[in-house]
Amino acid sequence: MVALNEVPRRRYTAGQTPLQHLRRLSAELGGPQIWIKRDDQLGLTQGGNKTRKLEFLIADAQNQGADTLITVGGVQSNHCRLTLSAARAEGLDCHLIVEEDLGPDGTSLGPAGSNPPEYTGNFLLFDLLDADSVTVLGHGADLLGEAEVLAEKLRGEGRKPYVIPVGGSNPIGALGYVDCAVEMLDQFAEAGLDSPTIVTPSGSAGMQAGLVVGLHSAGSDVSVIGINVSRAQAEQEPKIVDLVDSTAHFLDLPPVPRAATVGLGDYVGTGYALPTPGMVEAVRLFARTEGIVLDPVYTGKTAAGLIDLIRSGRFSSEEEVIFIHSGGVPGLYARAQAFA
Ligand SMILES: Cc1ncc(COP(=O)(O)O)c(C=O)c1O
(Lines give C-alpha, C1' and ligand atoms only; values in the text may rest on other atoms or scores of the structure.)
Protein backbone atom coordinates (compact mmCIF):
# COMPACT_ATOMS: atom_id res chain seq x y z
CA MET A 1 0.00 0.00 0.00
CA VAL A 2 1.26 3.48 -0.90
CA ALA A 3 1.01 5.88 2.08
CA LEU A 4 -0.77 9.09 1.14
CA ASN A 5 1.80 11.21 2.93
CA GLU A 6 4.47 9.87 0.61
CA VAL A 7 2.70 11.22 -2.49
CA PRO A 8 3.97 14.69 -3.53
CA ARG A 9 1.52 17.40 -2.52
CA ARG A 10 1.16 21.18 -2.40
CA ARG A 11 -0.92 22.77 0.40
CA TYR A 12 -3.60 25.33 -0.37
CA THR A 13 -5.69 25.15 2.82
CA ALA A 14 -4.55 25.68 6.41
CA GLY A 15 -5.91 22.80 8.51
CA GLN A 16 -9.25 20.98 8.28
CA THR A 17 -12.49 22.39 6.90
CA PRO A 18 -15.23 22.60 9.56
CA LEU A 19 -17.82 19.87 10.19
CA GLN A 20 -20.97 21.57 11.50
CA HIS A 21 -24.29 20.30 12.86
CA LEU A 22 -27.22 21.90 11.02
CA ARG A 23 -29.73 21.87 13.89
CA ARG A 24 -32.26 24.23 12.37
CA LEU A 25 -32.33 22.52 8.99
CA SER A 26 -32.58 19.08 10.69
CA ALA A 27 -35.54 20.31 12.78
CA GLU A 28 -37.26 21.88 9.78
CA LEU A 29 -37.06 18.57 7.90
CA GLY A 30 -38.00 16.49 11.00
CA GLY A 31 -34.66 14.64 11.09
CA PRO A 32 -32.28 12.92 10.33
CA GLN A 33 -29.51 14.91 11.99
CA ILE A 34 -27.82 16.74 9.15
CA TRP A 35 -24.17 17.77 9.37
CA ILE A 36 -22.27 19.72 6.76
CA LYS A 37 -18.63 19.41 5.71
CA ARG A 38 -17.58 22.92 4.69
CA ASP A 39 -15.38 22.21 1.68
CA ASP A 40 -16.64 25.50 0.29
CA GLN A 41 -14.12 26.94 2.76
CA LEU A 42 -11.07 25.30 1.15
CA GLY A 43 -8.24 27.54 -0.06
CA LEU A 44 -7.59 29.18 -3.46
CA THR A 45 -10.04 31.64 -5.04
CA GLN A 46 -13.38 31.09 -3.29
CA GLY A 47 -12.71 27.46 -2.36
CA GLY A 48 -14.47 24.27 -3.38
CA ASN A 49 -13.65 20.61 -3.90
CA LYS A 50 -11.11 21.07 -6.71
CA THR A 51 -8.66 22.66 -4.27
CA ARG A 52 -8.11 19.25 -2.64
CA LYS A 53 -7.54 17.54 -6.00
CA LEU A 54 -5.21 20.30 -7.19
CA GLU A 55 -2.89 19.86 -4.20
CA PHE A 56 -1.86 16.51 -5.72
CA LEU A 57 -2.24 17.41 -9.40
CA ILE A 58 -0.09 20.55 -9.20
CA ALA A 59 2.63 18.70 -7.28
CA ASP A 60 2.62 16.08 -10.04
CA ALA A 61 2.81 18.82 -12.70
CA GLN A 62 5.77 20.43 -10.94
CA ASN A 63 7.53 17.07 -10.57
CA GLN A 64 7.23 16.67 -14.31
CA GLY A 65 8.80 20.10 -14.81
CA ALA A 66 5.61 21.70 -16.18
CA ASP A 67 5.49 25.46 -16.67
CA THR A 68 1.96 25.62 -18.07
CA LEU A 69 -1.40 24.12 -17.05
CA ILE A 70 -4.18 23.40 -19.52
CA THR A 71 -7.60 22.33 -18.39
CA VAL A 72 -11.19 22.06 -19.58
CA GLY A 73 -14.75 22.41 -18.30
CA GLY A 74 -18.06 24.23 -18.67
CA VAL A 75 -18.17 28.02 -19.13
CA GLN A 76 -18.93 28.36 -15.41
CA SER A 77 -16.42 25.69 -14.37
CA ASN A 78 -15.27 25.83 -10.76
CA HIS A 79 -12.48 23.47 -11.69
CA CYS A 80 -11.17 25.93 -14.30
CA ARG A 81 -11.33 28.82 -11.78
CA LEU A 82 -9.41 26.90 -9.13
CA THR A 83 -6.83 25.49 -11.56
CA LEU A 84 -6.20 29.04 -12.76
CA SER A 85 -6.01 30.25 -9.14
CA ALA A 86 -3.43 27.53 -8.33
CA ALA A 87 -1.48 28.53 -11.44
CA ARG A 88 -1.40 32.14 -10.25
CA ALA A 89 -0.24 31.06 -6.78
CA GLU A 90 2.50 28.87 -8.27
CA GLY A 91 3.66 31.19 -11.05
CA LEU A 92 2.54 28.87 -13.85
CA ASP A 93 0.81 29.78 -17.11
CA CYS A 94 -2.75 28.52 -17.49
CA HIS A 95 -4.96 28.00 -20.55
CA LEU A 96 -8.67 27.14 -20.31
CA ILE A 97 -10.81 25.42 -22.93
CA VAL A 98 -14.48 25.66 -22.03
CA GLU A 99 -17.74 24.41 -23.47
CA GLU A 100 -20.93 26.44 -23.78
CA ASP A 101 -23.90 25.36 -21.67
CA LEU A 102 -26.88 23.42 -22.96
CA GLY A 103 -29.92 25.41 -24.03
CA PRO A 104 -32.75 25.85 -21.49
CA ASP A 105 -34.59 22.74 -22.71
CA GLY A 106 -31.54 20.55 -22.21
CA THR A 107 -30.61 20.23 -25.87
CA SER A 108 -27.42 21.41 -27.49
CA LEU A 109 -27.72 24.73 -29.26
CA GLY A 110 -25.22 23.89 -31.95
CA PRO A 111 -21.83 25.38 -32.83
CA ALA A 112 -19.72 27.81 -30.78
CA GLY A 113 -21.42 31.13 -30.28
CA SER A 114 -24.95 29.69 -30.12
CA ASN A 115 -25.12 30.09 -26.34
CA PRO A 116 -22.38 32.59 -25.41
CA PRO A 117 -21.40 32.77 -21.73
CA GLU A 118 -22.48 35.68 -19.57
CA TYR A 119 -19.64 37.80 -18.20
CA THR A 120 -20.37 36.84 -14.59
CA GLY A 121 -19.65 34.16 -11.98
CA ASN A 122 -16.67 31.94 -12.76
CA PHE A 123 -16.41 33.27 -16.31
CA LEU A 124 -15.79 36.75 -14.90
CA LEU A 125 -13.16 35.29 -12.55
CA PHE A 126 -11.29 33.69 -15.48
CA ASP A 127 -10.72 37.25 -16.68
CA LEU A 128 -9.84 38.73 -13.28
CA LEU A 129 -7.37 35.89 -12.61
CA ASP A 130 -5.92 36.70 -16.04
CA ALA A 131 -6.04 33.34 -17.79
CA ASP A 132 -3.39 33.11 -20.51
CA SER A 133 -6.18 32.08 -22.86
CA VAL A 134 -9.84 31.11 -22.64
CA THR A 135 -11.21 29.26 -25.68
CA VAL A 136 -15.00 28.88 -25.78
CA LEU A 137 -16.28 25.95 -27.85
CA GLY A 138 -19.82 24.82 -28.71
CA HIS A 139 -21.60 22.34 -26.47
CA GLY A 140 -20.43 18.77 -27.06
CA ALA A 141 -17.00 19.75 -28.48
CA ASP A 142 -14.03 17.46 -27.83
CA LEU A 143 -12.49 19.57 -25.07
CA LEU A 144 -9.69 17.17 -24.13
CA GLY A 145 -8.83 16.66 -27.81
CA GLU A 146 -8.49 20.44 -28.15
CA ALA A 147 -6.39 20.54 -24.98
CA GLU A 148 -4.00 17.99 -26.49
CA VAL A 149 -3.74 20.01 -29.73
CA LEU A 150 -2.87 23.11 -27.69
CA ALA A 151 -0.36 21.14 -25.59
CA GLU A 152 1.36 19.94 -28.76
CA LYS A 153 1.55 23.49 -30.11
CA LEU A 154 3.03 24.76 -26.82
CA ARG A 155 5.58 21.93 -26.77
CA GLY A 156 6.63 23.05 -30.24
CA GLU A 157 7.28 26.50 -28.73
CA GLY A 158 9.51 24.99 -26.05
CA ARG A 159 6.94 25.07 -23.24
CA LYS A 160 6.17 22.21 -20.83
CA PRO A 161 2.38 21.88 -20.61
CA TYR A 162 0.50 19.63 -18.17
CA VAL A 163 -3.07 18.73 -19.14
CA ILE A 164 -5.56 18.26 -16.29
CA PRO A 165 -8.70 16.29 -17.25
CA VAL A 166 -12.23 17.53 -16.68
CA GLY A 167 -12.91 18.07 -12.98
CA GLY A 168 -9.35 17.01 -12.08
CA SER A 169 -10.80 13.52 -11.91
CA ASN A 170 -8.06 10.96 -12.36
CA PRO A 171 -6.41 8.79 -9.69
CA ILE A 172 -4.02 11.59 -8.70
CA GLY A 173 -6.80 14.17 -8.30
CA ALA A 174 -9.00 11.68 -6.43
CA LEU A 175 -6.28 11.42 -3.75
CA GLY A 176 -7.55 14.77 -2.45
CA TYR A 177 -10.73 13.04 -1.37
CA VAL A 178 -8.99 9.92 -0.09
CA ASP A 179 -7.35 12.38 2.26
CA CYS A 180 -10.67 14.13 2.98
CA ALA A 181 -12.18 10.77 4.02
CA VAL A 182 -9.42 10.33 6.61
CA GLU A 183 -9.93 13.93 7.79
CA MET A 184 -13.67 13.33 8.20
CA LEU A 185 -13.22 10.04 10.08
CA ASP A 186 -11.22 11.99 12.70
CA GLN A 187 -13.94 14.62 12.88
CA PHE A 188 -16.70 11.97 13.17
CA ALA A 189 -14.87 10.36 16.09
CA GLU A 190 -14.47 13.74 17.78
CA ALA A 191 -18.16 14.62 17.26
CA GLY A 192 -19.35 11.16 18.40
CA LEU A 193 -20.85 10.23 15.02
CA ASP A 194 -20.76 6.43 14.83
CA SER A 195 -21.81 5.48 11.36
CA PRO A 196 -23.17 8.42 9.39
CA THR A 197 -24.11 8.37 5.72
CA ILE A 198 -22.27 10.82 3.46
CA VAL A 199 -24.27 12.54 0.70
CA THR A 200 -22.09 14.08 -2.00
CA PRO A 201 -22.44 15.55 -5.48
CA SER A 202 -21.26 13.21 -8.25
CA GLY A 203 -20.07 14.81 -11.49
CA SER A 204 -16.74 13.72 -12.96
CA ALA A 205 -16.77 11.43 -9.89
CA GLY A 206 -13.31 12.18 -8.47
CA MET A 207 -14.69 13.41 -5.20
CA GLN A 208 -16.96 10.41 -4.69
CA ALA A 209 -14.35 7.88 -5.84
CA GLY A 210 -11.73 9.35 -3.51
CA LEU A 211 -14.13 9.26 -0.57
CA VAL A 212 -15.13 5.65 -1.25
CA VAL A 213 -11.50 4.53 -1.51
CA GLY A 214 -10.45 6.52 1.57
CA LEU A 215 -13.26 5.13 3.73
CA HIS A 216 -12.74 1.58 2.53
CA SER A 217 -8.98 1.69 3.05
CA ALA A 218 -9.57 2.88 6.63
CA GLY A 219 -11.89 -0.09 7.25
CA SER A 220 -14.84 2.26 7.85
CA ASP A 221 -18.47 1.25 7.32
CA VAL A 222 -19.54 4.85 6.60
CA SER A 223 -21.48 4.74 3.33
CA VAL A 224 -21.58 7.28 0.51
CA ILE A 225 -24.58 8.25 -1.61
CA GLY A 226 -23.68 10.20 -4.75
CA ILE A 227 -26.27 12.53 -6.26
CA ASN A 228 -25.57 12.87 -9.97
CA VAL A 229 -25.44 16.31 -11.52
CA SER A 230 -25.29 15.32 -15.17
CA ARG A 231 -26.03 11.63 -15.78
CA ALA A 232 -28.54 8.87 -15.16
CA GLN A 233 -27.64 6.25 -12.55
CA ALA A 234 -26.81 3.59 -15.15
CA GLU A 235 -24.34 5.90 -16.89
CA GLN A 236 -22.72 7.38 -13.79
CA GLU A 237 -22.09 4.31 -11.66
CA PRO A 238 -19.65 2.66 -14.10
CA LYS A 239 -17.67 5.92 -14.13
CA ILE A 240 -17.49 5.95 -10.34
CA VAL A 241 -16.47 2.27 -10.31
CA ASP A 242 -13.69 2.87 -12.89
CA LEU A 243 -12.23 5.72 -10.89
CA VAL A 244 -12.56 3.81 -7.60
CA ASP A 245 -10.68 0.90 -9.17
CA SER A 246 -7.92 3.02 -10.71
CA THR A 247 -7.46 5.07 -7.53
CA ALA A 248 -7.29 1.92 -5.37
CA HIS A 249 -4.81 0.48 -7.87
CA PHE A 250 -2.69 3.67 -7.75
CA LEU A 251 -2.47 3.30 -3.98
CA ASP A 252 -1.85 -0.44 -4.25
CA LEU A 253 -4.99 -1.21 -2.23
CA PRO A 254 -7.27 -4.26 -2.54
CA PRO A 255 -10.38 -3.80 -4.74
CA VAL A 256 -13.41 -2.00 -3.28
CA PRO A 257 -16.82 -3.78 -3.42
CA ARG A 258 -19.15 -2.52 -6.19
CA ALA A 259 -21.97 -1.99 -3.66
CA ALA A 260 -20.03 0.99 -2.27
CA THR A 261 -20.60 3.03 -5.43
CA VAL A 262 -24.08 4.57 -5.67
CA GLY A 263 -24.89 7.53 -7.93
CA LEU A 264 -28.58 8.50 -7.96
CA GLY A 265 -29.72 10.06 -11.23
CA ASP A 266 -33.15 11.42 -10.25
CA TYR A 267 -32.18 15.01 -9.53
CA VAL A 268 -30.41 16.12 -12.73
CA GLY A 269 -33.55 17.62 -14.30
CA THR A 270 -33.29 18.58 -17.98
CA GLY A 271 -29.49 18.59 -17.93
CA TYR A 272 -26.18 19.59 -16.40
CA ALA A 273 -26.24 23.09 -14.89
CA LEU A 274 -29.89 23.66 -15.79
CA PRO A 275 -32.00 24.78 -12.81
CA THR A 276 -34.69 22.53 -11.29
CA PRO A 277 -37.50 23.50 -8.88
CA GLY A 278 -35.99 21.16 -6.26
CA MET A 279 -32.62 22.94 -6.55
CA VAL A 280 -34.25 26.36 -6.08
CA GLU A 281 -36.15 25.11 -3.00
CA ALA A 282 -32.99 23.55 -1.53
CA VAL A 283 -30.82 26.64 -2.05
CA ARG A 284 -33.48 28.81 -0.43
CA LEU A 285 -33.97 26.37 2.47
CA PHE A 286 -30.26 26.16 3.39
CA ALA A 287 -29.97 29.95 3.18
CA ARG A 288 -33.13 30.63 5.22
CA THR A 289 -32.52 28.07 7.97
CA GLU A 290 -28.74 28.10 8.31
CA GLY A 291 -27.37 31.14 6.47
CA ILE A 292 -25.45 28.80 4.15
CA VAL A 293 -25.42 29.54 0.43
CA LEU A 294 -25.22 26.59 -1.96
CA ASP A 295 -24.50 26.62 -5.69
CA PRO A 296 -27.12 25.85 -8.36
CA VAL A 297 -25.19 23.22 -10.35
CA TYR A 298 -23.77 20.80 -7.76
CA THR A 299 -24.63 21.36 -4.12
CA GLY A 300 -28.11 22.77 -4.83
CA LYS A 301 -29.13 19.67 -6.79
CA THR A 302 -27.44 17.41 -4.24
CA ALA A 303 -29.35 19.11 -1.43
CA ALA A 304 -32.55 18.67 -3.47
CA GLY A 305 -31.74 14.95 -3.61
CA LEU A 306 -31.06 14.83 0.12
CA ILE A 307 -34.34 16.59 0.92
CA ASP A 308 -36.27 14.21 -1.34
CA LEU A 309 -34.61 11.15 0.25
CA ILE A 310 -35.52 12.50 3.70
CA ARG A 311 -39.14 13.16 2.69
CA SER A 312 -39.45 9.71 1.19
CA GLY A 313 -38.30 8.09 4.45
CA ARG A 314 -34.80 6.97 3.45
CA PHE A 315 -33.38 7.98 6.86
CA SER A 316 -34.75 7.61 10.40
CA SER A 317 -34.91 10.75 12.54
CA GLU A 318 -31.98 9.57 14.69
CA GLU A 319 -29.67 8.83 11.79
CA GLU A 320 -26.78 11.13 10.97
CA VAL A 321 -26.19 12.41 7.46
CA ILE A 322 -23.13 14.33 6.31
CA PHE A 323 -23.79 16.70 3.43
CA ILE A 324 -20.63 17.80 1.65
CA HIS A 325 -20.66 21.43 0.61
CA SER A 326 -18.24 21.18 -2.29
CA GLY A 327 -18.29 24.90 -3.13
CA GLY A 328 -19.21 26.42 -6.47
CA VAL A 329 -20.99 29.48 -5.11
CA PRO A 330 -19.64 31.94 -7.76
CA GLY A 331 -21.82 30.02 -10.26
CA LEU A 332 -24.93 31.16 -8.39
CA TYR A 333 -24.58 34.62 -9.87
CA ALA A 334 -24.71 33.21 -13.40
CA ARG A 335 -28.04 31.54 -12.58
CA ALA A 336 -29.66 34.34 -10.59
CA GLN A 337 -32.65 34.33 -12.92
CA ALA A 338 -33.72 30.90 -11.62
CA PHE A 339 -34.42 32.54 -8.25
CA ALA A 340 -36.19 35.65 -9.48
C1 LIG B 1 -18.71 22.82 -6.72
C2 LIG B 1 -18.57 21.44 -7.23
N3 LIG B 1 -19.13 20.44 -6.54
C4 LIG B 1 -19.08 19.17 -6.95
C5 LIG B 1 -18.43 18.83 -8.12
C6 LIG B 1 -18.42 17.40 -8.53
O7 LIG B 1 -17.21 16.81 -8.22
P8 LIG B 1 -16.68 15.64 -9.13
O9 LIG B 1 -16.53 16.21 -10.51
O10 LIG B 1 -15.41 15.22 -8.50
O11 LIG B 1 -17.70 14.57 -9.11
C12 LIG B 1 -17.82 19.83 -8.89
C13 LIG B 1 -17.17 19.50 -10.15
O14 LIG B 1 -16.95 20.30 -11.01
C15 LIG B 1 -17.89 21.18 -8.43
O16 LIG B 1 -17.34 22.18 -9.12
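Reckoned from all heavy atoms, side chains included, excluding hydrogens, waters and symmetry mates. When a ligand or atom number is given, it counts from 1 through the structure's own listing order.
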field: Atoms in ligand 1 with a heavy atom of G328 nearer than 4.0 Å
entry: 1 (C)
query: Among K50, M207, K301, which one has a heavy atom closest to atom 13 (C) of ligand 1?
result: K50
task: With heavy atoms of S202 as the reference, note each atom of ligand 1 found under 4.0 Å away.
output: 11 (O)
statement: Here the atoms of ligand 1 under 4.0 Å from any heavy atom belonging to G203 are 6 (C), 8 (P), 9 (O), 11 (O)
Within-shell test, D295 vs ligand 1, heavy atom, strictly < 4.0 Å: no
query: What's the shortest distance from atom 7 (O) of ligand 1 to any protein heavy atom, and which residue and atom give it?
result: N49 ND2, 3.0 Å
query: For residues D101 and Y272, is any side-chain donor paired with an opposing acceptor at under 3.5 Å?
result: no
Basic-acidic side-chain contact under 4.0 Å: R155, E152: yes
- prompt: Would you call R9 and D60 a salt bridge, using N to O less than 4.0 angstrom?
  reply: no
- prompt: Which atoms of ligand 1 have any heavy atom of S204 under 4.0 Å away?
  reply: 8 (P), 9 (O), 10 (O), 11 (O)
message: Starting from atom 4 (C) of ligand 1, what is the nearest protein heavy atom, named by residue and atom, and what distance separates them?
response: S326 OG, 3.2 Å
query: Does one side chain, of E90 or Q62, offer a donor that lies under 3.5 Å from an acceptor on the other?
result: yes
- prompt: Any idea which atoms of ligand 1 are less than 4.0 Å away from a heavy-atom of G327?
  reply: 1 (C)
- request: Looking only at protein heavy atoms, identify the closest one to atom 16 (O) of ligand 1 and say how far it is in Å.
  value: N78 ND2, 3.0 Å
query: Should K50 and D39 count as an ion pair when the cut-off is N to O under 4.0 Å?
result: no
- prompt: Out of Y298, Y177, Y272, whose heavy atom is nearest to atom 5 (C) of ligand 1?
  reply: Y298
message: Rounded to the nearest 0.5 Å, what separates atom CZ in F126 from atom CG in L128?
response: 11.0 Å
message: For A205, state whether at least one heavy atom is located under 4.0 Å from any atom of ligand 1.
response: yes
- prompt: Under 4.0 Å from any heavy atom of S169, which atoms of ligand 1 are there?
  reply: 10 (O)
- prompt: Does D308 pair with R314 as a salt bridge, N-O distance under 4.0 Å?
  reply: no
- prompt: Counting heavy atoms only, which of Q208, K53, H79 is nearest atom 10 (O) of ligand 1?
  reply: K53
message: If we set the cut-off at 4.0 Å for heavy atoms, which region of T299 has an atom near ligand 1: side chain, backbone, both, or neither?
response: neither
- request: Flag the pair E28 and R288 as a salt bridge only when some basic side-chain nitrogen lies within less than 4.0 angstrom of an acidic carboxylate oxygen.
  value: yes
query: Could R88 and D132 be called an ion pair, given the rule that one side-chain N must be under 4.0 Å from one carboxylate O?
result: yes
message: Taking the basic N atoms (NZ, or NE/NH1/NH2) and the acidic carboxylate oxygens, is any pair closer than 4.0 Å for K37 and E183?
response: yes
message: Heavy-atom contact check, 4.0 Å cutoff: does G167 meet ligand 1?
response: no
